[in-house]
Amino acid sequence: MDYQFLKVEHNEGVTVLKISAPKSLNALNSTVLRELDDCVSHLEGTRVLIITGDGEKSFVAGADISEMAHLNEEQGHEFGRLGAQVFRKIELLPFPVIAAVNGFALGGGCELAMACDIRIASVKAKFGQPEVGLGIIPGFSGTYRLPKLIGQGYAKEMIYTGKVIRADEALRIGLVNATYEPEQLMPAALEMAQKMLANAPIAIGLAKQSINEGYDLDADAAIALENDLFGRCFATTDQKEGMDAFLNKRKASFTNS
Ligand code: CO8
């Protein structure tokens, strides 16, 4: 399907999705959010998704302020729900999602990056949750995910002050895994995707499920969940293949079954 605000490329299991709204530094209006929802609902054949921003300046500069400016309370709820739902859908995709943060990741842009499994960034990227300066709070699940990623203390500082931090600071606090020169960012994301493609896809999906669901459980429930998912791996052909390949000193050839 053709999108107005998304550029999507599929290549041998890796999908690169670029948010592309150049007039607003890739801000998320409700059309962008609906397109994102549609796109991530139709990723058959994808084994790794990379989300990035079109252009050199911005990943996503937030939710679209010109659209939000006129919302009433009910419409505010609705807009927040739309973004939160699509970000949750991204978080729950059964394969890895890498955010390649190429520039501004502010407000809803930082929240989109946080809904991805892994964030890597250009040294030029900037992160922040500046919503309180606009009279709102992070509304696409930033108050939930930011403290989980970087701890409550720094998350509260970022959200209450609205301060914008540079990529090196994002790296220091664990908001991103690594930083790269701008031209190295996509090659690094693709290289990471290739490493994932070499592994058993069902196992990666189950590991993701175990981490995501286990995080919100108590220790015993999380360990029981992992045990259940671990057991399921032994019902797959890829488990037999992976272990047979190891024992016979050959490269495994996984079939996603
Ligand atoms: N929404 C709409 N338009 C935007 C946005 C945005 N978030 N960000 C940038 N733009 C537009 C600018 O208005 C400008 O348009 P124009 O050329 O027509 O004047 C164009 O993009 C270029 O921007 P600038 O000229 O401002 O570029 P600068 O390089 O000077 O500055 C910044 C770049 C620092 C990124 C600056 O544009 C900025 O501060 N943008 C807003 C950042 C922000 O506050 N983001 C958070 C938004 S709130 C949010 O995301 C809440 C999410 C949850 C919502 C829940 C709803 C209920």
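Remember, it's 1-based here, ligands and their atoms both numbered in the order they're listed. The structure presented is a predicted model; accordingly, all values stated were derived computationally and were not measured.
- At least one side-chain heavy atom of Y144 sits under 4.5 Å from a side-chain heavy atom of K148.
- Every ring-ring contact (aromatic ring centres under 6.0 Å, His included) that F87 has, sequence neighbours left out, goes to F140.
- The contact shell of ligand 1, taken as protein residues with any non-hydrogen atom closer than 4.0 angstrom, comprises K23, S24, L25, A27, K57, A61, G62, A63, D64, I65, M68, G76, F79, G80, F104, L106, G107, G108, E111, P130, E131, L134, I136, G139, F140.
- The side-chain heavy atoms of F95 and I204, taken from C-beta on, include no pair separated by under 4.5 Å.
- Considering only residues two or more places apart in sequence or on other chains, H77 meets the side chain to side chain donor-acceptor pair (under 3.5 Å) condition with none of them.
- The ring-ring contact (aromatic ring centres under 6.0 Å, His included) test applied to F234 returns F230, not counting sequence neighbours.
- At a threshold of 4.5 Å between non-hydrogen side-chain atoms, the residues V14 and R47 do not count as touching.
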